[in-house]
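Values reported hereafter were calculated over all heavy atoms of this structure, with side chains retained and with hydrogens, waters and symmetry mates removed.
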Amino acid sequence: MAVAVRGGRGSGGGSAFSGGLRSFFSYRIFVSSMFTLLFLATLSVLFTSHPSHHDSVIPTTGNAYVQRTFLALKSDPIKTRLDLIYKQANDHVALVNAYAAYARKLKLESSRQLRMFDDLARNFSELVLKPSYRAALFESEGPVDEDVLRQFEKEVKDKVKTARLIIAETKESYDNQLKIQKLKDTIFAVTELLIKAKKNGAFASLIAAKSTPKSLHCLAMRLMEERIAHPEKYTDEEPKPEFEDPALYHYAIFSDNVIAVSVVVNSAVKNAEEPWKHVFHIVTDKMNHAAMKVWFRRRPLGGGAHVEVKSVEDFTFLNSSYVPVLRQLESVNMQKFYFENRAENATKDVNNMKFRNPKYLSMLNHLRFYLPEMYPKLHRILFLDDDIVVQKDLTALWKIDLDWKVNGAVETCFGSFHRYGRYLNFSHPLIKERFNPNSCAWAFGMNIFNLDAWRREKCTQEYHYWQNLNEDRTLWKLGTLPPGLITFYSTTKFLDKSWHVLGLGYNPSVSMDEINNAAVIHFNGNMKPWLDIALNQFKHLWTKYLDNEMEFVQMCNFGL
């Protein structure tokens with residue numbers, strides 16, 4: 001045990017000795033390395049603090065300017081500054097030349113900008129080539145004169161400032177991206193203004209079209225005054241046998257506008273070859289019934305033509321138990337939609353306003369679907385809107401072979417315009433199943449109806465069926481044309497287009513050749529000829545049939 005202890009100690013002493021040797025030699029190596037590094041650092045400082053004359057000189061030959069080495073530039077801050085000024089001048093010369101080249105490409109040689117760019121580039125070149133600057137700054141092998149450098153820097157900066165101002169002024173002319181963006185912004189702004197103007201114009205036009213002009217109101221009131229003041233002159237007459245004679249030519253006109261109806265009748269009579277064979281059935285509302293009767297009593301038709309004036313109320317079968325429109329008008333929801341003045345209804349959305357116009361549920365508009373029952377003894381009748389003008393004798397319409405179709409009308413589709421898909425909701429399964437969206441629509445306003453075929457096809461019942469389904473306005477939005485297109489879907493014969501030319505109330509581009517060749521012209525649209533917003537180029541076609549000699553027309557100052 002004792003031996004083992006002594007042996008351990010001897011071994012520990014040898015290990016300590018060898019560790020000491022290693023520490024000693026490591027220290028010597030470290031000290032030697034530090035001295036070596038200090039020596040090299042000293043040599044480096046000595047060499048860099050005494051550069052050769054050859055390294056400090058930046059030779060120049062002609063216009064070429066040789067760049068100095070990094071050490072040389074670091075040793076002479078004035079020459080470094082000169083290099084930066086020279087580079088700035090060269091950069092702007094290149095920029096000016098680039099704009100000048102682009103100006104030449106755009107064939108702007110005579111422009112003021114091009115001359116300015118050329119002059120500026122020449123001034124930069126002349127500045128660098130100026131003898132005083134070349135001698136003192138670029139060709140001198142000695143130190144740079146700081147005063148000359150300062151003057152050179154000032155001139156360069158003045159010319160750089162001028163170049164930047166000129167480039168800023170003309171940048172939009174030469175930068176395509178800026179130009180395109182500016183054009184886009186302008187187009188967007190103009191489009192926004194145009195859309196706003198169109199909306200405001202359409203809104204104002206719709207209000208003007210819906211409103212009753214003062215002159216029309218005045219005329220109705222004057223006629224009513226005449227009826228009240230002289231009741232003996234306007235007693236009801238017995239119905240004439242001509243009103244039910246199927247051998248004569250019968251017209252149906254449904255309106256509350258006295259002056260408009262008078263123009264329709266007057267134009268038809270004046271262009272008729274045998275006016276005594278023409279019978280006009282006028283139906284109006286209760287409010288305007290007396291005024292309408294007074295007008296035609298005071299202004300009898302020429303040539304022996306006949307006129308019958310009735311009120312909607314005279315047709316007792318037209319009641320809410322039979323007529324879907326009248327029943328729908330009794331609905332609370334319908335009344336709210338059309339008549340209630342609520343905040344959510346106050347809008348400048350023209351389409352929404354149009355949909356909410358109660359005139360589309362007016363019985364005067366829907367009377368056209370009851371012609372066979374209103375005139376049971378007639379075989380044919382010509383339906384006319386109150387915004388048309390007759391320009392030729394219409395007798396031939398009663399002689400057209402309708403091939404036992406119910407409705408004779410002029411088609412209105414061309415291309416994709418005025419087809420069924422525009423008027424009906426083809427997302428509704430019933431509409432999609434029964435009708436073709438590409439079928440041609442036709443015009444309501446001048447229609448020759450075969451009343452015998454109508455009765456056989458039970459068209460009024462068909463109209464009732466669809467009108468009842470559309471109480472929630474999901475099949476079509478408004479008007480009598482959509483239900484008419486449905487009712488007479490397969491029972492319409494298209495007439496020659498010269499019988500009926502449309503668009504004079506909204507389209508200023510209607511051809512005068514078409515108008516002159518037409519038997520009937522139609523002022524459909526908001527710009528009715530009796531309104532101030534009428535299209536002036538067409539207005540005379542209507543006013544020439546206006547009875548200006550009628551004293552009440554003069555008193556009410558129509559201004560036509």
Side-chain angles (χ1 to χ4, degrees), residues 324-325 351 354-355 360 365-372 380-385 387-388 397 400-507 510 514 518-522 524-525:
V325 167
N351 289 326
K354 189 176 181 181
F355 294 154
Y360 293 110
N365 272 330
H366 288 261
L367 278 180
R368 63 193 73 187
F369 294 105
Y370 300 95
L371 286 169
R380 286 197 176 195
I381 196 166
L382 181 64
F383 170 76
L384 295 177
D385 265 342
D387 54 354
I388 66 102
L397 281 171
I400 290 176
D401 184 5
L402 294 178
D403 301 322
W404 274 97
K405 300 281 188 181
V406 177
N407 175 31
V410 171
E411 66 176 348
T412 55
C413 66
F414 46 92
S416 61
F417 192 58
H418 281 186
R419 295 184 182 269
Y420 269 58
R422 178 180 175 182
Y423 300 102
L424 304 178
N425 177 19
F426 276 86
S427 63
H428 195 287
L430 276 176
I431 296 293
K432 188 176 182 180
E433 178 185 348
R434 294 282 298 274
F435 306 101
N436 181 356
N438 293 318
S439 295
C440 275
W442 41 265
F444 241 151
M446 199 270 324
N447 307 80
I448 185 72
F449 288 111
N450 183 337
L451 299 183
D452 293 330
W454 185 316
R455 297 179 186 106
R456 185 193 71 241
E457 297 292 336
K458 298 181 179 180
C459 292
T460 301
Q461 289 88 326
E462 183 78 1
Y463 158 71
H464 282 176
Y465 171 76
W466 289 101
Q467 189 68 42
N468 281 323
L469 288 175
N470 194 49
E471 184 168 356
D472 56 359
R473 300 172 301 281
T474 56
L475 304 184
W476 66 85
K477 289 293 185 183
L478 55 86
T480 53
L481 181 56
L485 295 175
I486 289 176
T487 302
F488 306 112
Y489 178 58
S490 57
T491 59
T492 296
K493 179 172 180 176
F494 292 139
L495 306 178
D496 187 277
K497 291 186 177 181
S498 63
W499 280 112
H500 186 190
V501 170
L502 298 98
L504 279 72
Y506 70 91
N507 182 11
V510 180
E514 283 186 80
V520 167
I521 54 175
H522 196 167
N524 58 310

So if I apply the side chain to side chain contact (heavy atoms under 4.5 Å, CB included) rule between Met446 and each of Ile388, Leu502, Leu382, which one comes out positive? Leu382
Check whether Arg455 reaches the backbone of Pro372 with its side chain - one donor and one acceptor, N or O, closer than 3.5 Å. yes
Verify, without hydrogens or angle tests, whether Asn447 (side chain) and Gly445 (backbone) share a donor-acceptor contact under 3.5 angstrom. yes
Within this structure, what is the [atom1]-[atom2] distance for the pair [X] and [Y], rounded to the nearest 0.5 Å?
X	Y	atom1	atom2	answer
Trp476	Gln467	CH2	CD	5.0 Å
Asn425	Ile431	CG	CD1	7.5 Å
Phe426	Asn436	CZ	CG	6.5 Å
Ile486	Glu462	CD1	CD	8.5 Å
Phe369	Thr460	CZ	OG1	9.0 Å
Phe444	Phe383	CZ	CZ	6.5 Å

Closest heavy-atom pair and its distance - [X], [Y]:
X	Y	result
Tyr420	Leu485	OH-O, 2.7 Å
Val410	Asp496	CG2-O, 3.5 Å
Ile448	Leu397	CG1-O, 3.8 Å
Ala409	Ala443	CB-O, 3.8 Å
Pro324	Asn468	CB-OD1, 3.4 Å
Leu424	Pro482	CD2-CB, 3.8 Å

So [Y] and [X], do their side chains get closer than 4.5 Å, heavy atoms only?
X	Y	answer
Val520	Trp499	no
Lys405	Asn450	no
Trp466	Pro483	no
Asn407	Trp442	yes
Arg419	Cys440	yes

For Arg368, all residues meeting salt bridge (Lys or Arg N to Asp or Glu O under 4.0 Å), sequence neighbours excluded: Asp385
Can you check ring-ring contact (aromatic ring centres under 6.0 Å, His included) on His464 and Tyr370, steps first, answer last? CA-CA 11 Å; His464 282 176; Tyr370 300 95; 5.5 Å; yes
For Asp401, the side chain to side chain donor-acceptor pair (under 3.5 Å) test, sequence neighbours excluded, returns none
Which residue in the set Tyr423, Tyr463, Phe435 passes ring-ring contact (aromatic ring centres under 6.0 Å, His included) when paired with Tyr489? Phe435
